[in-house]
Amino acid sequence: MNKVVSGADEAIRDIEDGMTLMLGGFGMCGLPENCIAALVKKGVKQLTCISNNAGVDDFGIGLMLKQRQVKKMISSYVGENAEFERQLLSGELEVDLIPQGTLATRCMAAGYGMPAIFTPAGVGTEVAIGKEVRNFNGKDYLMEMAFDADFAIVKAWKGDTMGNLIYKSTARNFNPVMAMAGKITIAEVEELVEPGELDPDHIHTPGIYVHRIFKGVNYEKRIEQRTVRKKE
Amino acid sequence: MLDKQGIAKRIAKEIKDGYYVNLGIGIPTLVANYIPETMDVVLQSENGLLGMGPFPFEGEEDPDLINAGKQTITMLPGSATFDSAMSFGMIRARKVNLTILGAMEVSENGDIANWKIPGKMVKGMGGAMDLVASAENIIVAMQHVNKAGESKLLPNCTLPLTGVHCVKKIVTELGVFDVLPQGGFKLLERAPGVSVEEIINATAGKLLVEGEIPEILI
C-alpha cells in the first residue's frame with residue numbers, strides 16, 4: 001500500500017485537457033501549491049475546477065486562470081481577482097457560483113457514496129432555478145447532486161506513505177471532503193512519514209481515499225488579509 | 001445616530017451566555033469586541049473553527065489559521081477545528097444559536113438580499129445562503145439607507161435574494177427593528193438623537209410604531 005510518488009509532476013502526469021478537478025483550500029489557506037505549479041507547467045487546458053475560491057492574480061488557481069487553462073470554475077466566492085473578472089466578463093470563462101455549504105456537502109456526498117443531498121440553502125433564490133424542491137417536515141429543501149470529479153488534489157500537514165492524512169488548523173477546510181470525493185486523489189503534504197508514525201486516532205483522512213502522496217516543497221503559504229494587534 | 005461601533009455594541013446585547021455565534025464580515029465582525037468577558041460565548045468561523053480568538057500579535061500570524069474573512073486570527077483554549085462539510089453541518093442542524101450578518105436589502109417578510117447587484121461583478125454568496133437558510137436566529141447589521149439615500153428596509157427586495165423569510169431582527173444607525181412573523185417591521189428602539197418621524201421617513205416597508213419608543217442604551 002505504498003502510495004508515494006516522486007513529486008507533483010508525477011502525481012499529475014495523467015491529468016488531461018477537459019478533465020474535472022477538485023482543488024482543496026479556502027482563500028490562500030491549505031492550497032495544494034505544488035500541484036497547481038505542476039499543472040501550470042504541464043499546460044493542460046479546458047479544465048473544470050471545483051474549488052471554494054479562484055485564487056488571486058498571481059497565486060493559487062489564479063496562476064492557472066492566467067494561462068487560460070480553466071474553462072469553468074465551480075466556487076462559492078471568487079472576489080479579489082482581476083484576470084478572473086476579465087475572463088468572466090469577456091465570456092472566456094464559465095462560472096457556477098454555489099453556496100459554500102452546498103459545495104462542501106456535494107463533495108462529502110461523493111465521498112460517502114450518496115448521489116445527492118437535500119439542503120435549504122438557496123431555496124427561493126436563483127440558485128433554486130431548475131432544481132427539484134422537496135418538502136420535509138414543513139420545510140423546503142433543494143436536491144443537489146454529488147460532484148463527479150476525475151481528480152481531487154488536496155494539501156495536508158502530515159501524511160504517511162499509505163496515504164493517511166492529518167491537516168492543520170483552518171488549512172483543513174475543503175481538503176478532507178475533497179480527498180474523499182475524487183476518482184483519483186492526490187495529496188501533497190508538508191511532512192511525509194512512515195506507517196505507524198501517525199497516531200491512528202488522530203488521522204482525518206484514512207489512506208483508502210488517497211491514491212498518490214508526496215512531500216511538497218517550497219510552500220509559500222501566502223496570507224490574504226494580514227491582521228494583527230499591537231502588544232500592550 | 002449610531003456609528004458602526006454603536007451598531008455593533010447594540011447587537012452585542014442580543015448575545016446570551018452559552019451562545020455559539022457566527023459573525024459575518026463588516027460590522028458583524030466588530031460585535032466580538034463588545035461581548036462581555038463574563039459571558040461564555042463561542043464564535044464559529046464557517047471555514048472550520050469554533051473558539052475564534054482575537055487577531056494575533058504582530059509576528060505571530062499563522063497562515064494556516066484564518067477566519068471566514070481570510071484574516072489571520074488566533075484560537076482560544078477549548079477551540080476545535082473541522083472540515084467545511086461539518087462546519088455547515090452544524091449550521092444546518094441549528095447548533096449555532098445566532099447569526100449576525102450584513103445586508104443590502106431586507107424585506108418586511110424577512111427576505112434578505114446581500115450577495116449580488118445585477119450589472120456589477122458578482123463575487124459569490126460564500127456561506128451566506130447556507131447561514132440564512134438554516135440559522136434559528138438571524139440579526140442583520142446594516143445602514144438604514146443606501147448611498148443613493150433609498151431605504152434598505154423594503155416591502156419587497158429588489159436585488160436577487162440570498163434567502164427568504166429568515167431575518168428576525170435588524171439594527172441600523174437609526175434604530176432596532178423586529179421583523180414580525182406576519183410581515184412588517186416593528187420599531188423597538190431609536191438611536192440617540194433620532195426621532196420616530198425620521199425613522200418612518202427612512203423606512204419604505206410597512207413599519208409598526210406602538211407607544212413610546214425608547215432610546216437605545218449602549
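Values in this document were obtained by computation on a predicted structure and should not be read as measured data. Letters A, B, ... are given to chains in the order of the sequence lines, protein chains preceding strands, and every chain is numbered from 1.
Side-chain N or O atoms of B:D40 include none that pairs as donor or acceptor with a backbone N or O of B:D17 at under 3.5 Å. Within the 3.5 Å criterion, the main-chain N or O of B:N137 finds no donor-acceptor partner in the side chain of B:T99. A donor-acceptor pair under 3.5 Å is absent between the side-chain atoms of A:E188 and the main chain of A:A8, judged by distance alone. Here the side chain of B:D178 pairs no donor or acceptor atom with the backbone of B:K186 at under 3.5 angstrom. B:K169 places no side-chain N or O within donor-acceptor distance of the main-chain N or O of B:I11, the cut-off being under 3.5 Å. A donor-acceptor contact shorter than 3.5 Å is absent between the side chain of B:S151 and the backbone of B:L154. Looking only at distances, no side-chain donor or acceptor of A:E85 sits under 3.5 Å from a matching main-chain atom of B:M121. A donor-acceptor pair under 3.5 Å is formed between the side chain of B:S45 and the backbone N or O of B:A68.
The residue from A:I98, A:N52, A:T102, A:L97 that alone fulfils the side-chain contact (heavy atoms from CB on, under 4.5 Å) condition with A:S76 is A:N52. Tested against B:V42, the residues B:L50, B:V96, B:V21 include a single side-chain contact (heavy atoms from CB on, under 4.5 Å) partner, B:L50.
When A:K168, A:R229, A:R106, A:H204 are compared by the number of non-hydrogen pairs under 4.5 Å with chain B, A:R229 comes out ahead. Looking only at heavy-atom pairs under 4.5 Å with chain A, the residue among B:L49, B:L65, B:I66 that has the most is B:I66. Of the listed residues (A:A54, A:C107, A:S75, A:G101), the one with the most heavy-atom contacts under 4.5 Å to chain B is A:G101. Comparing B:E61, B:K116, B:M75 by how many heavy-atom pairs each has under 4.5 Å with chain A, the most go to B:E61. Heavy-atom pairs under 4.5 Å with chain A were tallied for B:P160, B:S84, B:A133, B:G124; the largest tally goes to B:S84.
Environment of OH in A:Y112: sparse, with no more than 12 heavy atoms of neighbouring residues, nucleotides or ligands closer than 6.0 Å.
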task: For salt bridge (Lys or Arg N to Asp or Glu O under 4.0 Å), just list the numbers for A:R222 and A:D58, CA-CA rounded to whole Å, side-chain angles, deciding distance to a tenth of an Å, and then say yes or no.
output: CA-CA 11 Å; A:R222 195 179 291 190; A:D58 59 347; 2.8 Å; yes
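For the pair B:I27 and B:M142, the minimum side-chain heavy-atom distance is 4.5 Å or more. A 4.5 Å side-chain heavy-atom check between A:K155 and A:Y219 finds at least one atom pair inside the cut-off. Looking only at side-chain heavy atoms (C-beta outward), A:E126 and B:W115 come within less than 4.5 Å of each other. Side chains of A:M73 and A:Q87 form no contact here, defined as non-hydrogen atoms less than 4.5 Å apart. Looking only at side-chain heavy atoms (C-beta outward), A:T119 and A:T105 stay at 4.5 Å or farther from each other. Counting heavy atoms from C-beta on, the side chains of B:I15 and B:V31 come closer than 4.5 Å. Taking 4.5 Å as the limit, some side-chain heavy atom of B:I218 sits within range of a side-chain heavy atom of B:L2.
Using a 4.5 Å cut-off between heavy atoms, B:M86 makes no contact with chain A at all. With a 4.5 Å cut-off on non-hydrogen atoms, B:D111 does not touch chain A at all. Contacts of A:F84 with chain B are made by side-chain atoms alone, with heavy-atom separations under 4.5 Å and no backbone atom involved. For chain A, the nearby parts of B:E46 are the backbone and the side chain; heavy atoms of each come within less than 4.5 Å. Residue contact with chain B, scored on non-hydrogen atoms closer than 4.5 Å, involves the side chain of A:V127 exclusively. Proximity to chain A involves both the backbone and the side chain of B:V122, based on heavy atoms less than 4.5 angstrom apart. Contacts between B:T162 and chain A at a heavy-atom distance below 4.5 Å involve the backbone alone (N, CA, C, O). For chain A, the nearby parts of B:F55 are the backbone and the side chain; heavy atoms of each come within less than 4.5 Å.
Rounding to the nearest 0.5 angstrom, the gap separating the CG atom in B:L131 from the SG atom in B:C166 is 10.5 Å. Distance check, rounded to the nearest 0.5 Å: CG of A:N164 to CD1 of A:I203 gives 4.0 Å.
Ring geometry for B:F177 against B:F185 counts as perpendicular: the plane angle is over 60°, on a 0 to 90° scale with 30° as the lower cut.
Side-chain atoms of A:Q225 and A:T227 include no donor-acceptor pair closer than 3.5 Å.
Against chain B, the residues from residues 129-146 of chain A that qualify, each with a non-hydrogen atom under 4.5 angstrom away, are A:K139 in number order. Using a 4.5 Å heavy-atom cut-off against chain B, the contacting residues of residues 170-184 of chain A are A:T170, A:A171, A:R172, A:N173, A:F174, A:P176, A:V177. Listed by sequence position, the residues of residues 211-218 of chain A in contact with chain B number zero, using a 4.5 angstrom heavy-atom cutoff. Listed in order of number, the residues of residues 23-35 of chain A that approach chain B to under 4.5 Å between heavy atoms are A:F26, A:G27, A:C29.
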